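Here is the structure we will look at.
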Amino acid sequence: MKQFLFKITIISVFYSATLFAQDISAPAKFILGDDSMYQGSKNYKAVEFYNKAVIEQGKDSIENAIEFYKKALEIDSNYVLALDNIGICYRRLGKADLAIDSYQKSIAIFPKGTFAHVNLALIYSLQEKTDLAIIEYEKVVKLNPSEPEGYFGLAMMYFNNKDADNAILNAKECVRLYKASESGMEGDGEYLLAQSYYLKEEDEKAKYWFKRAKENGVDVPDEFMKFANEE
């Protein structure tokens with residue numbers, strides 16, 4: 001039986017802000033669409049506590065960050081940015097239930113909030129609640145059909161479910177969009193596509209995509225490169 005290796009890419013969403021003019025900063029690129037709820041809070045004091053929280057989070061002082069986010073939310077309970085960031089803090093502390101609660105509150109206020117959906121999907125995937133993660137990644141794709149991250153998440157979840165066909169379908173779209181965005185991330189999608197073909201035992205296609213992933217900077221395990229180079 002073939003052995004499968006897959007490195008889960010953890011998407012960490014982090015916001016940085018200054019007073020009323022917040023900037024949204026995240027490793028993954030997203031087109032937010034209606035981003036009105038990402039503009040912060042109109043309450044000066046809430047924003048002041050939020051900014052202190054961001055500074056503490058940046059210093060990896062997670063407990064202190066949580067306290068400042070709580071103070072911001074006591075003043076403005078609809079502060080979506082604070083809810084999303086405190087969810088990240090709880091996740092980093094291993095408090096998954098509190099993180100989930102924060103993201104669900106964020107989504108209830110702002111259903112189009114891509115960041116909450118993708119982070120909620122991440123937690124479900126880490127908990128091996130694959131079906132719930134798929135639901136959230138599907139929402140990400142619906143909100144941002146031209147962005148690759150939702151497709152990457154779906155491909156990863158279907159792969160983990162041993163559903164090679166759906167993994168391939170979403171991985172292909174992920175690779176296409178990564179390439180179109182010129183993000184330099186297509187290697188990650190290609191590696192997942194190779195793994196999915198490997199799972200389906202379509203060896204020639206798997207070999208091709210392992211080689212492509214390697215060419216695009218992915219640290220493909222030696223056993224897979226040995227397989228890819230077999231005649």
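Quick caveat, the model's predicted, so the values are computed rather than measured.
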Ignoring hydrogens and geometry, is there a side-chain-to-backbone donor-acceptor pair from Asn216 to Arg212 under 3.5 Å? yes
Could you walk me through whether Tyr50 and Asp76 pass the side-chain contact (heavy atoms from CB on, under 4.5 Å) test, one step at a time? CA-CA 10 Å; Tyr50 173 86; Asp76 183 354; over 6 Å; no
Go through the structure and list residues passing side-chain contact (heavy atoms from CB on, under 4.5 Å) with [X], not counting sequence neighbours.
X: Asp222; value: none
X: Ser77; value: none
X: Leu132; value: Tyr124, Lys129, Ile135
X: Asn64; value: Glu56, Ser61

Distance check, rounded to the nearest 0.5 Å: [X] atom [atom1] versus [Y] atom [atom2]?
X: Asp101; Y: Leu83; atom1: CG; atom2: CG; answer: 9.0 Å
X: Leu193; Y: Phe210; atom1: CG; atom2: CZ; answer: 9.5 Å
X: Glu138; Y: His117; atom1: CD; atom2: NE2; answer: 12.0 Å
X: Cys174; Y: Leu169; atom1: SG; atom2: CG; answer: 12.0 Å
X: Cys89; Y: Glu63; atom1: SG; atom2: CD; answer: 9.0 Å
X: Glu67; Y: Ile62; atom1: CD; atom2: CD1; answer: 12.5 Å

Check whether any side-chain heavy atom of [X] sits under 4.5 Å from a side-chain heavy atom of [Y], and report yes or no.
X: Met185; Y: Pro148; result: no
X: Lys70; Y: Ile86; result: yes
X: Ser102; Y: Leu98; result: no
X: Trp209; Y: Glu202; result: no
X: Phe227; Y: Asp203; result: yes
X: Tyr79; Y: Val47; result: yes
X: Asn161; Y: Asp131; result: yes

Within a reach of under 6.0 Å around NZ of Lys172, are more than 12 heavy atoms found that belong to other residues, nucleotides or ligands? no
More than 12 heavy atoms from other groups under 6.0 Å of CD on Glu230: yes
What verdict does the side-chain contact (heavy atoms from CB on, under 4.5 Å) test give for Leu154 and Val140, after you've listed the backbone C-alpha separation in whole Å, the side-chain angles of each residue and the deciding distance to 0.1 Å? CA-CA 10 Å; Leu154 282 173; Val140 173; over 6 Å; no
Got a sec, which residues hit side-chain hydrogen bond (donor to acceptor under 3.5 Å, both in side chains) with [X], two or more places apart in sequence or on another chain?
X: Lys52; value: none
X: Glu186; value: none
X: Glu173; value: Arg176

Where [X] and [Y] come nearest, the two heavy atoms and their spacing:
X: Lys200; Y: Ile168; result: CD-CD1, 3.9 Å
X: Gly87; Y: Ala99; result: O-CB, 3.3 Å
X: Ser146; Y: Leu177; result: O-CD2, 3.5 Å
X: Ala133; Y: Ser125; result: CB-N, 3.9 Å
X: Pro145; Y: Tyr151; result: O-OH, 3.1 Å
X: Val175; Y: Glu190; result: CG2-N, 3.5 Å

With distance as the sole criterion, is a donor-acceptor pair present between the side chains of [X] and [Y] under 3.5 Å?
X: Asn85; Y: Tyr69; answer: yes
X: Ser106; Y: Asp84; answer: yes
X: Tyr178; Y: Glu149; answer: yes

Under the salt bridge (charged side-chain N to carboxylate O under 4.0 Å, His left out) rule, collect the residues that match up with [X], sequence neighbours excluded.
X: Lys179; answer: none
X: Lys139; answer: Glu136
X: Glu204; answer: Lys207
X: Lys45; answer: Glu48

Aromatic ring proximity, centroids under 6.0 angstrom, Phe224 and Tyr198: yes
Can you list the steps and then say if Met156 with Asn170 is a side-chain contact (heavy atoms from CB on, under 4.5 Å)? CA-CA 9 Å; Met156 182 173 66; Asn170 285 281; over 6 Å; no
Residues that, via side-chain heavy atoms closer than 4.5 angstrom, fall in one hydrophobic cluster with Phe68: Phe49, Ile75
From CA spacing to verdict: side-chain contact (heavy atoms from CB on, under 4.5 Å), Ile100, Gln127: CA-CA 11 Å; Ile100 289 170; Gln127 293 179 329; 3.9 Å; yes
